[in-house]
Structure formats: structure tokens, C-alpha cells
Amino acid sequence: MKGLLNRDQTLVFSDKLARPSTVPDKAVVQVHYASLHPTDLDTARGAYDFLLWLAGARGEVRTGFEFSGVVSQGAGSLSTGDRVFGYTNVMKGPKTHQQEVVLDPHYAVRLPDEVSLAQGAAFAVGAMTAQHVWKSIAELQPGHEVLIIGGSGGVGIYAIQIARLMQAKVTAVAGPAGQELMRRMGASVVIDYRKQDVTHLGQQYDAVLDLTCTKKFKDIADLLTPRGKFIPADPMKNLLDFCGNIWRRKRTKYLYVSEGKPSELRQLAELVEAGELQVPAGQTYDVEDIDEAIKRLERPGVQGRLLLRF
């Protein structure tokens with residue numbers, strides 16, 4: 001077994017972890033792919049130790065919540081041999097950076113035959129988060145205009161596509177390497193942040209989604225329509241901005257999607273199956289090459305999702 005652990009604030013994998021204990025009403029999934037997020041690195045370095053303790057997370061493996069694999073012990077709606085993908089609870093769910101994970105059946109959904117295991121591990125979090133942003137937070141309507149800062153990353157590529165499916169006009173921002181990808185995903189306007197200051201675009205948007213976690217409300221206030229919404233990817237870094245909601249019509253909104261919902265994951269898988277939602281090929285690393293994967297994740301310009309192959 002292998003897991004991304006926190007030992008003296010370093011990132012290491014262990015091949016000496018105990019096999020997870022099986023429980024009659026839980027499924028066992030042999031993990032084939034698991035995504036690697038910036039949140040995983042923060043967790044491994046101890047940034048969320050207190051929150052994880054409050055949530056009751058006690059397992060040896062501390063990281064990973066998006067995965068795909070094959071069921072080796074069925075339970076509930078899952079049968080042995082099913083190809084599945086899923087998104088476990090970020091704080092208290094079982095962690096997926098290991099070769100085998102024991103989980104409640106509602107954390108996993110069957111993959112359509114046309115969707116590969118690599119695709120399954122690459123889009124659950126990104127697509128669900130994007131759908132939640134536009135439907136529940138921004139309450140996007142046809143004809144709305146949105147700005148996505150960080151449009152070529154693991155959430156951004158789905159934020160572009162889902163906004164487009166909802167008939168919004170999308171402006172997306174990334175570095176030079178991400179320009180073509182954002183166009184391919186359906187952005188009407190693409191901006192290279194190295195050439196243009198995104199805080200001075202001379203236009204207003206109904207919603208601004210910042211996936212880079214680099215902007216504050218004051219940075220983008222002039223970009224919002226009179227009732228526009230600023231949606232930072234990490235609300236913990238924008239706590240003071242929420243206080244300002246008391247006296248202004250332009251709002252900072254709270255984004256947090258704690259886990260996958262089976263009904264929504266099925267709908268998203270059907271969109272992929274029907275060709276309405278693309279899952280661009282991300283970068284895949286064998287788990288033994290975790291050091292290289294971490295180095296790549298920490299450099300700017302990652303397109304799509306980084307995957308660990310078990």
C-alpha cells in the first residue's frame with residue numbers, strides 16, 4: 001500500500017501501510033488513478049491538521065479524494081468488477097492515494113463504457129465544482145457574461161464548458177500555454193495574464209470565478225456588474241471580503257463542494273458519454289514518480305488534472 005504522508009513536513013510515499021479493514025456494508029475499490037491537487041500538498045504539509053482532527057479523520061493516508069478504479073468487493077449499488085469513479089468527502093472521507101480504498105458505496109458511481117478510467121479520475125471534482133458554481137452560486141442565466149481566472153486548470157476547463165452549455169459568454173484567463181485549450185473548451189475570449197492585467201479589462205461581468213486564489217474583492221470590484229458575484233476558489237483566504245457583503249450589492253460568495261453527489265456525477269458522466277463535456281488528457285505519473293508530479297503541480301501552467309497511476 002502507498003499513501004502521501006506528512007512526516008517532518010516532507011512529502012513521501014510508504015509501501016508499509018496496513019491494508020484497510022473491510023466492513024460488510026462498504027465497498028472495496030482497487031484504485032487505478034487518483035488525482036493530485038494543491039489541496040493534497042497543503043494537507044500533507046499539515047495545513048489542515050486541526051480541521052482534519054475535528055472531522056475525525058484518523059487514517060494513515062491523509063490525501064486524495066478523487067479517484068477511479070475497479071470494485072473488488074461490492075456493496076450497495078456497486079458490484080464486484082464494476083468500473084467506478086468518485087469523489088470522497090474532502091475532510092472526513094476515506095483518502096484515495098493508496099492502491100485500495102474502503103468506502104461507502106455512495107462515494108462511487110459506475111463509469112460508462114465509453115469513459116476511460118483515466119478520464120474518470122480527472123473530472124469528478126472539477127466538473128461538480130463548476131456545476132455548483134454556475135447553478136447554485138452564480139445562478140447563471142443565458143446571456144450572462146462570466147470571467148474565469150485560471151481557465152486552463154482542473155476546474156477551469158469544466159467551468160468554461162458548463163458555462164457555455166448554460167449559454168453564457170465566457171472570458172477565460174491563463175498563461176500562454178493555456179490559450180488554445182481554453183478556446184477549444186469554448187471560451188469566447190481568452191486572455192494571457194502575462195500580457196494583460198486582468199484587473200483592468202474595461203468590462204463588467206455577472207460573475208468572476210478566481211481559481212488561482214490570488215485575487216481579493218478589491219482587485220476585481222470594478223469588473224463586476226452592480227449585482228455581480230466574486231467567487232474565490234479558496235474562501236478561507238477571503239474571509240474579510242465576506243464581511244463587506246453586509247453593505248454592498250456586489251457580493252463575495254462562498255465556494256465549497258465537500259463531496260461527490262451520485263446523481264450529479266451520473267449526469268456529468270452522461271454528458272461526457274454524449275460528447276457534450278470534454279475531458280482533456282491531463283498529465284499522468286506513475287505513483288513511484290510522485291516527486292516529479294509534485295514539482296510539476298507546483299509550477300504554473302498546469303493544464304487539466306494531474307493524475308497518479310497506481
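Values below: every heavy atom of this structure, side chains too, minus hydrogens, waters and symmetry copies.
Salt bridge status for Glu139 with Arg251: absent, with no side-chain N to carboxylate O gap under 4.0 Å.
To the nearest 0.5 angstrom, Leu36 atom CG is 5.5 Å from Leu41 atom CG. With rounding to the nearest 0.5 angstrom, the CG atom of Asp206 is 11.5 Å from the CG atom of Leu147. Rounding to the nearest 0.5 Å places CD of Glu273 at 4.5 Å from CD of Glu114. Atom CD of residue Gln119 and atom CG of residue Leu111 lie 8.5 Å apart, to the nearest 0.5 angstrom. Put simply, CD1 on Ile148 and CG on Asp210 are 11.5 Å apart, with the number rounded to the nearest 0.5 Å. Interatomic distance, His97 NE2 to Ile290 CD1, rounded to the nearest 0.5 Å: 6.5 Å.
Side-chain atoms of Arg164 come within 3.5 Å of backbone N or O of Met185 as a donor-acceptor pair. For the pair Glu264 (side chain) and Gly260 (backbone), a donor-acceptor distance under 3.5 Å is absent. In this structure, Glu66 contributes its side chain and Ala124 its backbone to a donor-acceptor pair below 3.5 Å. Between the side chain of Ser79 and the backbone N or O of Asp82, no donor-acceptor pair lies under 3.5 Å. The main-chain N or O of Gly74 is found under 3.5 Å from a side-chain atom of Thr80 such that the two form a donor-acceptor pair. Of the possible donor and acceptor atoms, one in the side chain of Gln303 sits under 3.5 Å from a partner among the backbone N and O of Ala177. Listed for the Gln179 side chain is a donor-acceptor partner under 3.5 Å among the backbone atoms of Ala174. For the pair Lys169 (side chain) and Pro142 (backbone), a donor-acceptor distance under 3.5 Å is absent. Counting only distance, with no hydrogens or angles, the side chain of Lys215 and the backbone of Ile220 share no donor-acceptor pair below 3.5 Å. With Thr63 contributing its side chain and Asp40 its backbone, the two residues share no donor-acceptor pair below 3.5 Å.
For the side-chain hydrogen bond (donor to acceptor under 3.5 Å, both in side chains) condition, the pairs that include at least one residue of residues 183-201, sequence neighbours left out, are Asp197-Thr199, Asp197-His200.
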Could you go through Val109 and Phe85, starting from their C-alpha distance and side-chain angles, then the distance that decides it, and tell me whether this counts as side-chain contact (heavy atoms from CB on, under 4.5 Å)? CA-CA 6 Å; Val109 175; Phe85 76 109; 4.0 Å; yes
Please determine whether side-chain contact (heavy atoms from CB on, under 4.5 Å) holds for the pair Gln99 and Val31, giving the CA-CA distance in whole Å, both sets of side-chain angles, and the decisive distance to 0.1 Å. CA-CA 5 Å; Gln99 291 169 318; Val31 177; 5.8 Å; no
If you apply the rule side-chain contact (heavy atoms from CB on, under 4.5 Å), what do you find for Val146 with Tyr205, and how did you get there? CA-CA 5 Å; Val146 300; Tyr205 302 89; 5.7 Å; no
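In this structure, Arg248 forms a cation-pi arrangement with Phe217, its terminal cationic atom sitting closer than 6.0 Å to the ring centre and no more than 45° off the ring axis.
Side-chain contact between Pro112 and Val272: absent, with no pair of heavy atoms (C-beta onward) separated by less than 4.5 Å. Looking at heavy atoms from C-beta onward, Val279 lies out of side-chain contact with Val115 at the 4.5 angstrom threshold. Tyr158 is not listed as a side-chain neighbour of Thr129, based on a closest heavy-atom distance of 4.5 Å or more. Counting only heavy atoms from C-beta outward, the side chains of Thr171 and Ile191 approach each other to under 4.5 Å. Counting only heavy atoms from C-beta outward, the side chains of Thr88 and Val101 never approach each other to under 4.5 Å. No side-chain heavy atom of Tyr107 sits under 4.5 Å from any side-chain heavy atom of Val29. Within the 4.5 Å cutoff, the side chain of Val125 has no heavy atoms near those of the Ser35 side chain. Contact of the His32 side chain with the Arg83 side chain is not registered, since no non-hydrogen atoms from C-beta on lie closer than 4.5 Å.
Residues Ile231 and Leu255 come closest through the heavy atom pair CG2-CB, 4.0 Å. Ala168 and Leu140 get closest at one heavy-atom pair: CB-CD2, 3.7 Å. When all heavy atoms of Val28 and Glu100 are compared, the pair lying nearest together is CG1-CG, 3.4 Å. In terms of heavy-atom proximity, Ala130 sits nearest to Ile162 at CB-CD1, 3.9 Å. Closest approach of Gln204 and Pro226 over heavy atoms only: OE1-CD, 4.3 Å. Closest non-hydrogen pair, Met182 versus Ala172, comes out as SD-CB, 3.4 Å.
Residues forming a ring pair (Phe, Tyr, Trp, His ring centres under 6.0 Å) with His37 (at least two apart in sequence, or on another chain): Phe65. Residues satisfying the side chain to side chain donor-acceptor pair (under 3.5 Å) test with Glu259, not counting sequence neighbours, are Asn89.
Under the 3.5 Å distance criterion, with hydrogens and angles disregarded, a donor-acceptor pair is assigned to the side chains of Gln203 and Glu145.
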